[in-house]
Amino acid sequence: MKKIILLILGILVVVILGGYLLPREFSVSRSITINAPAASSFEEINNLDRWANWEYWSNLYKGNMTVVYGDVKSGVNGTYSWDGEESGKGKATITESIPDKSIKTNLDFMEQGTAQTWYTFEPSGDSTKLTMGFETDMGMNPVMRWVGALFMKSEMDKALEYDLQKLKEIAEAKPKFTVEITEENLSPISYVSLTTTMSPKDPAAISAQMGKMYGELMNGLAKSKVQLAGYPFALYPAYSEESMDMVCALPVAANAKVPAKYKVEKTTGGKFLKAVHKGDYATMIDTHNQIVQFVEYKKLQMNGAPMEVYVTDPGVVKDTAQWTTEIYYPVQ
């Protein structure tokens, strides 16, 4: 019996001493290539409300864990807490959020310690290399160091692989946009205009009508010596396959003394989606369609008339490939 006790004590000593020889810091990382822009996966990780769609532990304890979100759900200071018999208690906090580049979070496991997770996004052509990492300090407890070496590595590898595959599926299933669509805040624009209703099916007729209306506006302002306050633009308050309302407008100062036949009006400022169209006006419908698809995908609501701003003067630049048009959609 004495020999058995000594053997057990010897094994315990070896285990304890061996534990102290194991690394105190535990870390693991995995990467995957996603055939989608960085934004497609970034927005899934940056919004804690979406973690249930791809995160391993959320799905492992699904139905047996209570989740409570903080007042902020996305970006820096976004938080959520969990509590469950198997999952234990914890809290996740986003500490860094650099759009489409990196995200860092702190994980507080209450009495069990803390950890950090990090995510980096490296664009490469039309794809993105997404890397996820987990790291924690096992402390001076040799048993915890053995737990990290023998159990945590395989379990965390499994969790990261699950997360990456799910994020790849979600990101690659999203609509692909060939134009960059950004969110802008615009101030109201004062303008004078002429309005017409016509069919949207004849680009040549539309171009001719716009030329006529802008010519009339330009002549009227020139006679009154009113200076333009920006680029010409057009508003489309109503649009269908058969008919559209088109407002051809020239920006002027709010207090401009315009001819009596015109009235200085003002656009509604606020939140807009913006896309830049390069090329002939005849192909601009594709850019419009992508913005409409983006609005539907993001579950946004239109909040007024779309606007086209004609940055390039076709009368000066003859090469249509060099034409630039900014397209704005007001949303809420």
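Just so it is clear, the structure is predicted and the values come from calculations on it, not from any experiment.
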| field | Any M110 side-chain heavy atom under 4.5 Å of K91 side chain | value | yes

| request: Only pairs at least two apart or in different chains count here, so list each side-chain hydrogen bond (donor to acceptor under 3.5 Å, both in side chains) that has a residue in residues 203-223. | output: E216-K261

| query | Do NZ/NE/NH1/NH2 and the carboxylate oxygens of K158 and E161 come within less than 4.0 Å? | reply | no

| message | Side chains of Q332 and L300, heavy atoms from C-beta outward: is any pair under 4.5 Å? | response | no

| task | Without swapping roles, check the side chain of K257 against the backbone of V226 for a donor-acceptor pair under 3.5 Å. | result | no

| Verify same cluster id: V72, Y69 (apolar side-chain graph, 4.5 Å) | no

| query | Between K318 and G315, is there a donor-acceptor pair closer than 3.5 Å when you use the side chain of the first and the backbone of the second? | reply | yes

| Where A52 and S58 come nearest, the two heavy atoms and their spacing | CA-CB, 4.1 Å

| Donor-acceptor pair between N289 and Q293 side chains, under 3.5 angstrom | no

| field | Heavy-atom side-chain proximity of I327 to H288 below 4.5 angstrom | value | yes

| remark: Between S190 and A253 the two heavy atoms that sit nearest each other are CB-C, 4.2 Å

Could you list the donor-acceptor pairs under 3.5 angstrom formed between side-chain atoms of residues 121-128 and any protein atom two or more places apart in sequence or on another chain?
residue, atom, partner, partner atom, Å
S127, OG, N35, OD1, 3.1
T128, OG1, A36, O, 2.8
T128, OG1, A38, N, 3.0

| With a 4.5 Å limit on heavy-atom distance, are the side chains of T320 and Y281 in contact? | no

| field | Flag, side chain of K174 to backbone of S40, donor-acceptor distance under 3.5 Å | value | yes

| Is K201 paired with E241 through a side-chain N to carboxylate O contact shorter than 4.0 Å? | no

| task | Answer with yes or no whether the side chains of S97 and N46 bring together a donor and an acceptor at under 3.5 Å. | result | yes

| task | Using a cut-off of 6.0 Å, state whether more than 12 heavy atoms not belonging to D319 lie near its atom CG. | result | yes

| field | Candidate pair Y329 and M302, rule side-chain contact (heavy atoms from CB on, under 4.5 Å), full reasoning | value | CA-CA 7 Å; Y329 273 60; M302 289 291 295; 3.4 Å; yes

| said: Given 3.5 Å as the limit, does a donor-acceptor pair link the side chain of D83 with the main chain of T66, or not? | reply: no

| query | Looking only at side chains, do E308 and H277 share a donor and an acceptor under 3.5 Å apart? | reply | no

| request: Answer yes or no: does atom NZ of K298 have more than 12 heavy-atom neighbours from other residues, nucleotides or ligands under 6.0 Å? | output: yes

| field | Ring geometry between Y61 and W57 (parallel below 30°, tilted from 30 to 60°, perpendicular above 60°) | value | parallel

| task | Flag the pair E172 / I34 as yes when at least one side-chain heavy-atom distance between them is below 4.5 Å, and no otherwise. | result | yes

| Taking the side chain as C-beta and beyond, is there a heavy-atom pair between Q116 and K104 under 4.5 Å? | no

| query | Taking all non-hydrogen atoms of both residues, which atom of G88 and which atom of W82 are closest, and how far apart? | reply | O-CD1, 3.2 Å

| Taking side chain as C-beta onward, heavy atoms only, is T114 less than 4.5 Å from N106? | no

| query | Which pair of non-hydrogen atoms, one from A256 and one from V264, has the smallest distance, and what is that distance? | reply | O-CG2, 4.1 Å

| Joint hydrophobic cluster, V276 plus V295, side-chain heavy atoms closer than 4.5 Å | no

| field | side-chain contact (heavy atoms from CB on, under 4.5 Å) between K278 and T324, intermediate numbers included | value | CA-CA 5 Å; K278 297 285 188 178; T324 297; 3.0 Å; yes

| remark: In terms of heavy-atom contacts, G304 and P330 come closest through C-CG, 3.5 Å

| Minimum side-chain heavy-atom gap V28-D157 below 4.5 Å | yes

| Heavy-atom donor-acceptor pair, W323 side chain to V317 backbone, under 3.5 Å | yes

| Has the side chain of W51 got a donor or acceptor atom that lies under 3.5 Å from a matching backbone atom of I45? | yes

| query | Going through the checks in order, is the side-chain contact (heavy atoms from CB on, under 4.5 Å) test met by V331 and N303? | reply | CA-CA 5 Å; V331 294; N303 191 32; 5.6 Å; no

| message | Please tell me whether V292 and I285 are part of a single hydrophobic cluster in this structure, the criterion being side-chain heavy atoms less than 4.5 Å apart. | response | yes

| request: Verify the distance criterion only: is there a donor paired with an acceptor across the side chains of T178 and Q290 at less than 3.5 Å? | output: yes

| query | At their closest point, which heavy atom of W54 faces which heavy atom of E44, and how far apart are they? | reply | NE1-O, 3.2 Å

| Is I98 reachable from V76 through a run of I, L, V, M, F, W or Y residues, each pair having side-chain heavy atoms under 4.5 Å apart? | no

| Apart from Y191 itself, what residues make up its hydrophobic cluster, given side-chain heavy atom links below 4.5 Å? | L186, I189, Y231, F233, L235, V247, F272, M307, V309, V311, Y328

| task | Would you sort out whether M210 and Y310 count as a side-chain contact (heavy atoms from CB on, under 4.5 Å), showing the intermediate values? | result | CA-CA 12 Å; M210 293 181 80; Y310 308 111; 3.0 Å; yes

| said: So if I apply the side chain to side chain donor-acceptor pair (under 3.5 Å) rule between Y56 and each of Q165, E155, K166, which one comes out positive? | reply: E155

